[in-house]
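As structure tokens, the structure follows; a few thoughts come after it.
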Number of protein chains: 2
Amino acid sequence: MSTLSANTKRHRVTVVGSGNWGSTIAKVVAENVLEFPNLFESEVQMWVHEEQVTIPKSSPSYDPASELCTKEQPLSALINTVHENVKYLPGIKLPDNLVANPNIADSVKGSTILIFNLPHQFIKKACDGLEGHIVPFARGISCIKGVEVSQKGVRLLSDMIGERLGIYCGALSGANIASEIAQGKWSETTVAYDPPAVDSRHPTPRHSPTTSSTNLGMTPANGEKIKLQALPSDYPPLSHENMKHLFHRPYFHVRIVSDVAGVSLGGALKNIVAIAAGYVDGLGWGDNAKAAVMRVGILEEVKFGQMFFSTVKASTFTSESCGVADVITSCMGGRNFRCAKMATERGVSIAEVEKNELNGQVLQGTTTAKEVNDFLSSQGKEKEFPLFTAVYNILQGKNKPEDIPSLIEVKD
Amino acid sequence: MSTLSANTKRHRVTVVGSGNWGSTIAKVVAENVLEFPNLFESEVQMWVHEEQVTIPKSSPSYDPASELCTKEQPLSALINTVHENVKYLPGIKLPDNLVANPNIADSVKGSTILIFNLPHQFIKKACDGLEGHIVPFARGISCIKGVEVSQKGVRLLSDMIGERLGIYCGALSGANIASEIAQGKWSETTVAYDPPAVDSRHPTPRHSPTTSSTNLGMTPANGEKIKLQALPSDYPPLSHENMKHLFHRPYFHVRIVSDVAGVSLGGALKNIVAIAAGYVDGLGWGDNAKAAVMRVGILEEVKFGQMFFSTVKASTFTSESCGVADVITSCMGGRNFRCAKMATERGVSIAEVEKNELNGQVLQGTTTAKEVNDFLSSQGKEKEFPLFTAVYNILQGKNKPEDIPSLIEVKD
């Protein structure tokens, strides 16, 4: 543990979001702050998008004799009473020092660390509610998978949040299925945190001192665009070591890197790879072929990252949980994989599987494949990403899954 | 295709070995030599360890009216008649230009390319039979997985072969299940080929000009130890490009690298990783945990390679079929994985599974885990390889599978 007796203040942590993944991360950090009282305040706030719920009979908190169980209650009040998110993370005991708060502005009062963990489509509204209420020198970590890709460029969600709120925002991503982590089943993750040095006291980031930015100039690094406020010297530094203390658990191993763009891209691009793996598995081609698709996919992720972001490191994809491990997990049993496999086995399109099996819900991977293809073709780079392009063309009906080997073959 | 009109000679190819994997590789190269008549002679020899066989009724070559099917025949003669290895690769049509030969000395007569593909324990005897009969400037490729590890050092099988025969020997390894490749199901492999430049005409290897050697001085590079003979200038050069032409098929994608040690180590060390993956899967910890074990395992492979071999590149493990893809395949369904999983589910030792399910046959992974541990502990390096060491200690009964996360945890 660090010796930080010189720091009189402690970091206060808020998790913005309380779904399945949000509640899981909130559990993790609420456990950790108690282990590092020199670094963190013992109370962790969790913003809850309020709704009325009843405790289901299957919940360990259900007690037919209790009035709590017979009528609808606000979710936040229930969490604070029974210490279980009965709706989104049922069956998991949450730490007593985790406080649910339905008032977003109040939930971040005095917090120097903001962990964003809510569905993509709610980011904007959450930022609206936060604006003007956050500590100006707060630092963020986005646990939201995905990036925004358009013909104009690639935009990291962490950058969107950071720019909107005028703070630095890193990212967390890995081979992480929330419910397994909540149950304490072991897994790993990657945290990317690399704020520019805004004061001399701030610890130097381990790798590059600049944050991520596309080469296209659409998404300048938030550290360049916004004027970051230095962390006052009476707070413990937010070094890689201290960031690790916030997230690392015996059942949730954390590696900290500086490559925010790489970590964010891994969480998005793996969905395209998972569709490709589902295609070849659906053809019954065996584990060799599935492993080959994963390998090729990881290398296309590296190429994509390094082509469009100056700071991306190959090792983020080849050696970290957010890269290789997330590809593997997604290609073993993720939703994109399973739907692509089912479509191939049945000889139908993925669109048909989305319609019939997912009630029309669109897979992350099909959206990302299209967005990435739009972007790559706008850059004239489609041919340099034969696997990503193959997935797009199969989705479009221009190719078939059995064409994948010839589409990605490098003859010379 | 290369323009090689200046070369008057063509390479003659022999596959030394005709088991399941040997016959599969022989099929691949026999198909390829016909596509590159400027580079290779059209006939490929395959040495067959002779035995008497009958054609099984399940074979497509079985014809009750034929005399061939009613009595025992020499395997080599049968292969040359029915173009099927009815015993070791039944059901697969072998090319007509592949000639089985029971005489090992005769099979390599005039051959400039020798592909070694036979069980580990037969290497010595095969080399005995070859000595004095091979073309002095021949080049070898070993498709035999594994390395020899003892307390004294790590010895590559390709080096053993090369030193014994006085030739350069590269290696082929990847996520390759022979029967799938034989059926034309798509997969990838890695060929490592990096002979030292013995004459000015020989194309410069793409990467390091030295071959592999352990830092321990036990296994000097065969290029240093033996006096390699230059390939005469009337043969097409054995460049990476031409080596690729020999192995690459539409269903068998090849990447050529220079890192013979890395390619060889990948094929051996992945068996330890597969045991670890079987342990955590047997505990029911889910895909996150399994992917985490694979990620950690790949990084220990890199560390092991770079610590003991000066020429090993990290990318051989993180980016090539012989590394990441072979780990993935082995951890999805290989024998080591399945036995470790079964042992954990039943709460017994792997030794018990070996005894009861494999008739006492010992898994590659348990042997390798022990050999690698003996070597690492002789070097005082056990702690730097926590996953390899954990597998060994679990095999020894000193730890349990559920200890893996804490044994490999990096807290700082």
Side-chain angles (χ1 to χ4, degrees), chain A residues 174-177 179-181 183 185-189 241 244-245 248-255 280 283-296 298-299 302 314-315 317-321 323-334 402 404-406 408-412, chain B residues 174-177 179-181 183 185-189 241 244-245 248-255 280 283-296 298-299 302 314-315 317-321 323-334 402 404-406 408-412:
Chain A
N176 298 144
I177 298 164
S179 55
E180 293 185 3
I181 297 160
Q183 290 168 54
K185 288 183 179 173
W186 172 58
S187 70
E188 294 186 316
T189 203
E241 186 190 0
K244 182 165 176 175
H245 291 325
H248 183 89
R249 296 294 299 151
Y251 59 84
F252 190 56
H253 290 190
V254 169
R255 302 230 308 180
V280 303
L283 291 169
W285 282 0
D287 290 343
N288 288 346
K290 210 168 139 182
V293 157
M294 293 189 221
R295 190 198 69 79
V296 172
I298 292 166
L299 294 196
V302 170
S315 62
F317 301 98
T318 61
S319 307
E320 303 299 339
S321 179
V324 55
D326 203 11
V327 166
I328 292 171
T329 302
S330 305
C331 292
M332 286 198 291
E402 42 271 64
I404 288 177
S406 67
I408 69 173
E409 185 174 8
V410 183
K411 287 193 180 166
D412 297 313
Chain B
N176 298 145
I177 298 164
S179 55
E180 292 185 3
I181 296 161
Q183 291 168 53
K185 287 181 179 175
W186 172 60
S187 71
E188 293 186 317
T189 202
E241 185 189 0
K244 181 164 176 175
H245 291 326
H248 183 90
R249 296 294 298 152
Y251 59 83
F252 190 56
H253 290 190
V254 170
R255 303 228 308 178
V280 303
L283 291 169
W285 283 0
D287 290 343
N288 289 346
K290 209 167 140 183
V293 157
M294 294 189 220
R295 189 197 70 78
V296 172
I298 291 167
L299 295 196
V302 170
S315 62
F317 301 98
T318 61
S319 306
E320 302 300 339
S321 179
V324 55
D326 203 10
V327 166
I328 293 172
T329 302
S330 305
C331 292
M332 284 197 293
E402 41 273 63
I404 288 177
S406 67
I408 69 172
E409 185 175 8
V410 182
K411 287 192 179 168
D412 296 314

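Residue numbers begin at 1 in each chain, while the letters A, B, ... track the order of the sequences.
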Heavy-atom pairs under 4.5 Å with chain B: which of [options] has the most?
| options | result |
| --- | --- |
| A/V296, A/T189, A/N176 | A/N176 |
| A/K185, A/E188, A/R295 | A/R295 |
| A/A292, A/A325, A/G334 | A/A292 |

- Query: Which heavy atom of B/S321 sits nearest a heavy atom of B/A175, and at what distance?
  - Reply: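 Residues B/S321 and B/A175, closest heavy atoms: OG-N, 3.1 Å.
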Examine whether an atom of [X] lies under 4.5 Å from a heavy atom of chain B, and if so say whether it belongs to the side chain, the backbone or both; otherwise answer neither.
| X | result |
| --- | --- |
| A/V410 | both |
| A/L299 | side chain |
| A/V302 | neither |

**Asked** Partners of B/R249 by side chain to side chain contact (heavy atoms under 4.5 Å, CB included), sequence neighbours excluded?
**Response**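 Here the qualifying residues are B/V28, B/E31, B/N32, B/E35, B/Y251, B/F252.
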*Interface moiety of B/V293 toward chain A, non-hydrogen atoms closer than 4.5 Å*: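 Both parts, backbone and side chain.
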Which class fits the ring pair B/H253 and B/W186: parallel under 30°, tilted 30 to 60°, perpendicular over 60°?
->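 If you compare the ring of B/H253 with that of B/W186, the planes turn out perpendicular.
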Which of the residues B/G323, B/G333, B/C331, B/S319 is involved in the greatest number of heavy-atom pairs with chain A at under 4.5 angstrom?
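Between B/G323, B/G333, B/C331, B/S319, the count favours B/S319.
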Q) So which of B/S315, B/A289, B/A314, B/S187 has the largest heavy-atom pair count under 4.5 angstrom toward chain A? A)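 The candidate making the most pairs under 4.5 Å is B/A289.
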query = Hey, is B/E320 close enough to B/R255 for a salt bridge, meaning N to O under 4.0 Å?
reply =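 Salt bridge between B/E320 and B/R255, a charged N being under 4.0 Å from a carboxylate O: yes.
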Does a side-chain heavy-atom distance below 4.5 Å link B/V324 with A/T318?
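No; the side chains remain at least 4.5 Å from each other.
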Would you call B/E409 and B/P405 a side-chain contact if the rule is heavy atoms closer than 4.5 Å?
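The answer is no, as the side chains (C-beta and beyond) never meet within the 4.5 Å cut-off.
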Self-check item: Derivation and outcome, side-chain contact (heavy atoms from CB on, under 4.5 Å), residues B/I181 and A/N288
Solution: CA-CA 9 Å; B/I181 296 161; A/N288 288 346; 4.2 Å; yes
